[in-house]
Amino acid sequence: MDITAPSSIYQFDIKTIKGDKLDFKKYAGKKILIVNVASECGFTKQYAQLEELAEHYKDKLVVIGFPCNDFGGQEPGSAEEIQNFCTSKFGVTFPLTEKINIKSKPVHPIYEWLTHKEQNGVLDAKVGWNFNKFLLNEKGQLIAYFGSSVKPLDDDILDLLKD
């Protein structure tokens, strides 16, 4: 592993959907579930379970949605439209970031790190669609990856939140 590669999510910068800086360091001591989200996808209903997960485990988990339009053009809206959709349709209270690129160039550095073992030190992952999930430990280090079909309340995710 390249010693200069970021060892945790805390070393990255990104803006919230409202344009403010999202400081990952404020989540130190909690697990983080990163999910690439889209408003017009067959998996969009997972927002409800993501909100339930975020609320139920709020003392030890933060869910962060990363809107992305790279998969089927299913997140075409503006930041305001995305925020309004998530709040009005699913009551989303967890943080959302600015819209990012995952497949199209330039790929956001966070997703470069999440998907390349030589950078994250744990695994290679290919984000093939919306609602892929990356779980990070309390130190901001990657510990698991789940595809779109793994629901937020799936035992594979819940078991990792119990420790």
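Remember, it's a predicted structure, so these values are computed and weren't measured experimentally.
Between the side chain of K99 and the backbone N or O of A79 there is no donor-acceptor pair closer than 3.5 Å. The backbone N or O of K151 lies less than 3.5 Å from no partner atom in the side chain of Q46, so there is not a single donor-acceptor pair. Remark: the backbone N or O of T16 is not paired with any side-chain donor or acceptor of D20 at under 3.5 angstrom. A donor-acceptor pair is defined here as one N or O able to donate and one able to accept, closer than 3.5 Å; no such pair exists between the side chain of N132 and the backbone of G147. Within the 3.5 Å criterion, the main-chain N or O of F131 finds a donor-acceptor partner in the side chain of K133. Distance alone, capped at 3.5 Å, places no donor-acceptor pair between the D70 side chain and the N101 backbone. No side-chain donor-acceptor contact under 3.5 Å links H116 to the backbone of E118. A donor-acceptor contact shorter than 3.5 Å is absent between the side chain of S39 and the backbone of E75.
In this structure, the separation between CG on D13 and CZ on F24 is 8.5 Å, given to the nearest 0.5 Å. One finds the CD atom of E98 at 11.0 Å from the CD1 atom of I82 (value rounded to the nearest 0.5 Å). Here the straight-line distance linking atom CG of L153 with atom CG of D156 works out to 12.5 Å at 0.5 Å rounding. In this structure, CD on E138 lies 9.5 Å from CG on L61, to the nearest 0.5 angstrom. Put simply, CG on L22 and CD1 on I17 are 12.0 Å apart, with the number rounded to the nearest 0.5 Å. Here CG of L50 is found 13.0 Å from NZ of K45. Values are rounded to the nearest 0.5 Å.
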- Task: Quick one: do Y111 and F66 satisfy ring pair (Phe, Tyr, Trp, His ring centres under 6.0 Å)? Show the steps, please.
- Result: CA-CA 10 Å; Y111 270 82; F66 284 67; 5.7 Å; yes
- Report the C-alpha separation of T115 and K126 in whole Å, then their side-chain angles, then the decisive distance to 0.1 Å, and conclude whether the side-chain contact (heavy atoms from CB on, under 4.5 Å) test is met. CA-CA 6 Å; T115 59; K126 182 178 183 332; over 6 Å; no
- Task: For ring pair (Phe, Tyr, Trp, His ring centres under 6.0 Å), just list the numbers for Y145 and F134, CA-CA rounded to whole Å, side-chain angles, deciding distance to a tenth of an Å, and then say yes or no.
- Result: CA-CA 5 Å; Y145 163 76; F134 292 89; 4.9 Å; yes
- Would you check, one step at a time, whether the test side-chain contact (heavy atoms from CB on, under 4.5 Å) holds for F146 with D154? CA-CA 10 Å; F146 305 95; D154 189 281; over 6 Å; no
- Message: What verdict does the side-chain contact (heavy atoms from CB on, under 4.5 Å) test give for L53 and L33, after you've listed the backbone C-alpha separation in whole Å, the side-chain angles of each residue and the deciding distance to 0.1 Å?
- Response: CA-CA 10 Å; L53 189 71; L33 186 68; 3.7 Å; yes
- Please assess I102 against F71 for the test side-chain contact (heavy atoms from CB on, under 4.5 Å), listing each intermediate value before the final yes or no. CA-CA 9 Å; I102 295 174; F71 305 100; 4.0 Å; yes
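Residues K105 and V107 are in side-chain contact: their nearest non-hydrogen atoms beyond the backbone lie under 4.5 Å apart. Side-chain contact check for T97 versus P67: some heavy-atom pair is nearer than 4.5 Å. Inter-residue side-chain proximity for L96 and C86 is flagged as met; some heavy-atom pair is nearer than 4.5 Å. In this structure, V127 and N36 have side chains that are in contact, with non-hydrogen atoms separated by less than 4.5 Å. Looking at C41 and W129, their side chains come closer than 4.5 Å, going by heavy atoms from C-beta outward. Looking at L123 and L142, their side chains come closer than 4.5 Å, going by heavy atoms from C-beta outward. Residues K18 and Q83 form a side-chain contact, since some pair of their non-hydrogen atoms from C-beta on lies under 4.5 Å apart. Contact check for K21 versus K15: no side-chain heavy atoms found under the 4.5 Å cut-off.
Closest heavy-atom contact between F94 and E51: CD2-OE1, 3.3 Å. Contact record, P95 with Y27: CG-OH, 3.5 Å, taken as the closest heavy-atom pair. What you find for C68 and A38 is that their closest heavy atoms are O-CB, 4.1 Å. Scanning both residues, E40 and P76, for their nearest heavy atoms gives OE2-CG, 3.5 Å. Between K139 and N137 the shortest heavy-atom distance is N-OD1, 2.8 Å. Nearest heavy-atom pair across G77 and E81 is CA-OE1, 3.1 Å.
At a cut-off of 3.5 Å, with distance as the only test, no side-chain donor of N84 or T87 sits close to an acceptor on the other residue. For N69 and Q74, the side-chain atoms include no donor-acceptor pair closer than 3.5 Å. There is a side-chain donor-acceptor pair under 3.5 Å between S7 and Q11. Using a 3.5 Å distance cut-off with no hydrogens or angles, the side chains of S8 and Q141 do not pair a donor with an acceptor.
More than 12 heavy atoms of other residues, nucleotides or ligands lie within 6.0 Å of NZ in K30, so this atom counts as buried by the packing criterion.
The aromatic rings of F12 and W113 sit tilted, their planes meeting at an angle between 30° and 60°.
When the options I32, I34, I143 are evaluated for a side-chain contact (heavy atoms from CB on, under 4.5 Å) with L135, the one that passes is I143.
Using a cut-off of 4.0 Å between Lys/Arg side-chain N and Asp/Glu carboxylate O, D159 and K162 are scored as salt-bridged.
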